[in-house]
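Comments concern the structure below.
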Amino acid sequence: MLTRIDHIGIACTDLDATVEFYRATYGFEVFHTEVNEEQGVREAMLKINGTSDGGASYLQLLQPLRDDSPVGKWLAKNGEGVHHIAFGTADVDGDAEAIRDKGVRVLYDAPRTGSMGSRITFLHPKDCHGVLTELVTSAPRPAEEH
Ligand code: CMX
Ligand code: CO
């Protein structure tokens, strides 16, 4: 069951400048940064709020590592902006299977590694009314760091 907005993914060309915009404009601080080679991104997670299921909601700022990565391709076509939304669930495997059974393309056979040790998969935007949709199960003990 999808129980929260886990994050909104925002594609940017300059991660440091974008982080600074969110800090200076709204006061949002960086909760976590990492490089995910497999996804082709350098990213910063800004924690916005905790949620009633024990999780949290974040903004995920994404700078591509390569032009031919999903975010690199999307930026070249669209420029900076909202790239995807991510719903949180305690059971990404079960929810992905159930959604696949409804005829929506799930992009990975098995979930892969996302931010902070989470397990993630994606639904094809063409099957979701134009929205690239991610499903996330957080790591049991997500990193507490800055
Ligand atoms: N939102 C909405 N539509 C999108 C999209 C997005 N983010 N990305 C691509 N599309 C659309 C394109 O506009 C295009 O539509 P048209 O055919 O009408 O022009 C179509 O989907 C195909 O796009 P493409 O540029 O040819 O790109 P690909 O098919 O090679 O890849 C996708 C699209 C969704 C399969 C790929 O982006 C993907 O695998 N995404 C999942 C992984 C990912 O995004 N990782 C980065 C984030 C990591 C994280 O969140 O941790
Ligand atoms: Co994401």
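Whatever order the structure lists them in is the order used to number ligands and atoms, beginning at 1. What you are looking at is a predicted structure, and each value in this text was computed from that prediction instead of being measured.
- Checking His83 against the Co ion (ligand 2), every N/O/S atom stays at or beyond the 2.8 Å cut-off.
- Taking all atoms of both residues into account, the shortest heavy-atom contact from Lys47 to Ala56 is CE-CB, 3.6 Å.
- Under 4.0 Å from ligand 1, heavy atoms of His83 appear from its side chain as well as its backbone.
- Residues Glu43 and His32 bring no donor and acceptor atom of their side chains to less than 3.5 Å of each other.
- Nearest-residue assignment for atom 17 (O) of ligand 1 (options Met45, Glu43, Arg105, Lys126; heavy-atom criterion): Lys126.
- In this structure, Ile5 is a member of the same hydrophobic cluster as Ile99, with clusters built from ILVMFWY side-chain heavy atoms closer than 4.5 Å.
- With a heavy-atom cut-off of 4.0 Å, Leu107 touches ligand 1 through its side chain alone.
- Considering all non-hydrogen atoms of both residues, Leu107 and Thr121 come closest at N-OG1, 4.4 Å.
- Put simply, Leu46 and Ile8 are part of the same group of oily side chains (I, L, V, M, F, W, Y) that touch within less than 4.5 Å, one to the next.
- The distance from the Co ion (ligand 2) to the nearest N/O/S atom of Glu43 is not under 2.8 Å.
- In summary, Gln60 places an N/O/S atom under 2.8 Å from the Co ion (ligand 2), meeting the contact criterion.
- Within the 4.0 Å heavy-atom cutoff, Gly130 counts among the residues contacting ligand 1.
- The Co ion (ligand 2) lies closest to atom OE1 when only the N/O/S atoms of Glu134 are considered.
- Counting heavy atoms under 4.0 Å from ligand 1, residue Val71 touches it through the side chain alone.
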List the atom pairs, with distances to 0.1 Å, where a side-chain N or O of residues 67-76 and a protein N or O form a donor-acceptor pair under 3.5 Å, not counting sequence neighbours.
residue : atom : partner : partner atom : Å
Ser69   : OG   : Arg66   : O            : 2.7
Ser69   : OG   : Gly72   : N            : 3.1

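- For ligand 1, the polar-atom distance check finds no N/O of Ser115 at less than 3.5 Å from any of the ligand's N/O atoms.
- Checking side-chain atoms of Thr137 against main-chain N and O of Val92 turns up a donor-acceptor pair under 3.5 Å.
- Checked by distance only, ligand 1 and Gln39 come closer than 3.5 Å through their nitrogen or oxygen atoms.
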